[in-house]
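Input: a single structure, listed below in structure tokens.
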Amino acid sequence: MKGEYIVIEGSDGTGKSTQVERLAEYFRSENRDVCVVEEPGSDDPDKSTPVANELRRLIKNGNLVRSPEINLALFSAARRELWREKIAPALAKGAIVLSARNYFSTLVYQGYGEGLDLDYIREMTALFTSERYMSPDHSLILTINDETERAKRIAERRQLEVPDTFESRGADFQQRLAAGYSELARDMQLPVIDCIAAEGRRKTVEEIQLEIRELLGC
């Protein structure tokens, strides 16, 4: 049976990892083999590899000033590791692979956010992964069109020892990311789920999960 590759994208603070976990619980309850991945790595070793986690440690360290090209190289290396060691083998076994982020994040963060050419990012990603990686079976974007609410969600997390490279950047950068995700959704025809309800309240995890499953047809 062909595996299924599902990606949940969005800016920091949109709850991607939480929704991936909820979705994994659902598919496991349906007796499906599930592999969960977080890019560029994870605190949970089951969702990453030692190499990817070392690269993630460098990527997230906001004290290390780097060029956008170096960020692209680091992300691409972590991405190749996760693709070859986690994602591709799981798909080959017929598993459902659920990922919080894929190269769409780099198009937004290093492209729209840091100014790299989008085609250059795609070319680099193609060299490090494959067409299968770059064309997930299902992709969607979680968004919070309220910077105050997004910042509040990030503040609710545990305190980091060093500033996060991208979370700690200013409002201008965060606005470029939000605009980038909007353009990406339009250009690639990706569905978007707003984490804020029409009346302005924060949607519950359960509400967002139901919207995701509806989009996936499950």
Side-chain angles (χ1 to χ4, degrees), residues 3-25 27-28 33-93 95-111 113-114 116 121 124-130 132-134 136 139 141-142 153-169 173 177:
E4 194 170 2
Y5 179 32
I6 301 172
V7 172
I8 297 182
E9 266 291 350
S11 298
D12 294 313
T14 52
K16 298 176 299 298
S17 297
T18 298
Q19 293 302 331
V20 163
E21 281 301 318
R22 292 296 181 94
L23 203 54
E25 291 171 7
F27 282 121
R28 287 173 182 139
D33 184 16
V34 178
C35 172
V36 175
V37 175
E38 289 186 6
E39 290 198 14
S42 173
D43 292 329
D44 184 341
D46 290 337
K47 301 175 184 176
S48 184
T49 73
V51 171
N53 280 344
E54 282 301 306
L55 291 166
R56 174 180 180 262
R57 183 177 60 80
L58 288 172
I59 288 167
K60 291 184 72 66
N61 189 342
N63 290 331
L64 299 176
V65 179
R66 305 181 297 273
S67 68
E69 289 81 3
I70 292 299
N71 282 330
L72 173 60
L74 290 170
F75 275 113
S76 297
R79 194 159 284 136
R80 180 175 177 82
E81 171 74 2
L82 291 172
W83 169 246
R84 289 174 62 92
E85 301 300 324
K86 300 286 287 188
I87 301 173
L91 291 174
K93 292 191 300 181
I96 293 178
V97 176
L98 303 174
S99 180
R101 298 194 184 282
N102 85 338
Y103 88 103
F104 299 148
S105 288
T106 299
L107 289 173
V108 172
Y109 280 73
Q110 278 62 62
E114 295 191 304
L116 289 185
I121 293 171
M124 177 75 85
T125 305
L127 285 173
F128 277 75
T129 58
S130 76
R132 180 76 170 96
Y133 170 86
M134 296 178 71
S139 308
I141 295 172
L142 300 181
R153 286 188 175 204
I154 291 174
E156 291 172 356
R157 300 174 180 173
R158 64 181 177 82
Q159 195 69 26
L160 299 174
E161 293 181 8
V162 295
D164 183 279
T165 300
F166 303 109
E167 287 181 5
S168 59
R169 292 201 187 180
F173 182 76
L177 297 184

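Quick caveat, the model's predicted, so the values are computed rather than measured.
A donor-acceptor pair shorter than 3.5 Å cannot be found between the side chains of Asn102 and Glu39.
Pairs passing the salt bridge (charged side-chain N to carboxylate O under 4.0 Å, His left out) check and including a residue from residues 82-92, sequence neighbours excluded, do not occur.
Take Ser42 and apply the side-chain hydrogen bond (donor to acceptor under 3.5 Å, both in side chains) test, not counting sequence neighbours, and it matches Glu38. Remark: Ile70 pairs with Arg66, Ser67, Leu74 by the side-chain contact (heavy atoms from CB on, under 4.5 Å) rule, at least two apart or across chains. Considering only residues two or more places apart in sequence or on other chains, Thr129 meets the side-chain hydrogen bond (donor to acceptor under 3.5 Å, both in side chains) condition with none of them. With sequence neighbours excluded, the residues forming a side-chain hydrogen bond (donor to acceptor under 3.5 Å, both in side chains) with Arg132 are Asp137, listed by chain and number. Taking Tyr5 as the reference, nothing meets the side-chain hydrogen bond (donor to acceptor under 3.5 Å, both in side chains) condition, with sequence neighbours excluded.
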Evaluate salt bridge (Lys or Arg N to Asp or Glu O under 4.0 Å) for Glu25 paired with Arg28, printing each intermediate quantity in order. CA-CA 5 Å; Glu25 291 171 7; Arg28 287 173 182 139; over 6 Å; no

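Among all heavy-atom pairs drawn from Gly10 and Ile141, the shortest one is CA-CG2, 4.3 Å. Nearest approach of Gly41 to Leu82, heavy atoms of both residues: N-CD1, 4.4 Å.
The backbone N or O of Ser105 sits less than 3.5 Å from a side-chain atom of Glu9, completing a donor-acceptor pair. Listed for the Tyr133 side chain is no donor-acceptor partner under 3.5 Å among the backbone atoms of Ala126. Between the side chain of Ser48 and the backbone N or O of Pro45, no donor-acceptor pair lies under 3.5 Å.
Here the CG-CD1 distance, from Leu23 to Ile8, works out to 5.5 Å after rounding to the nearest 0.5 Å.
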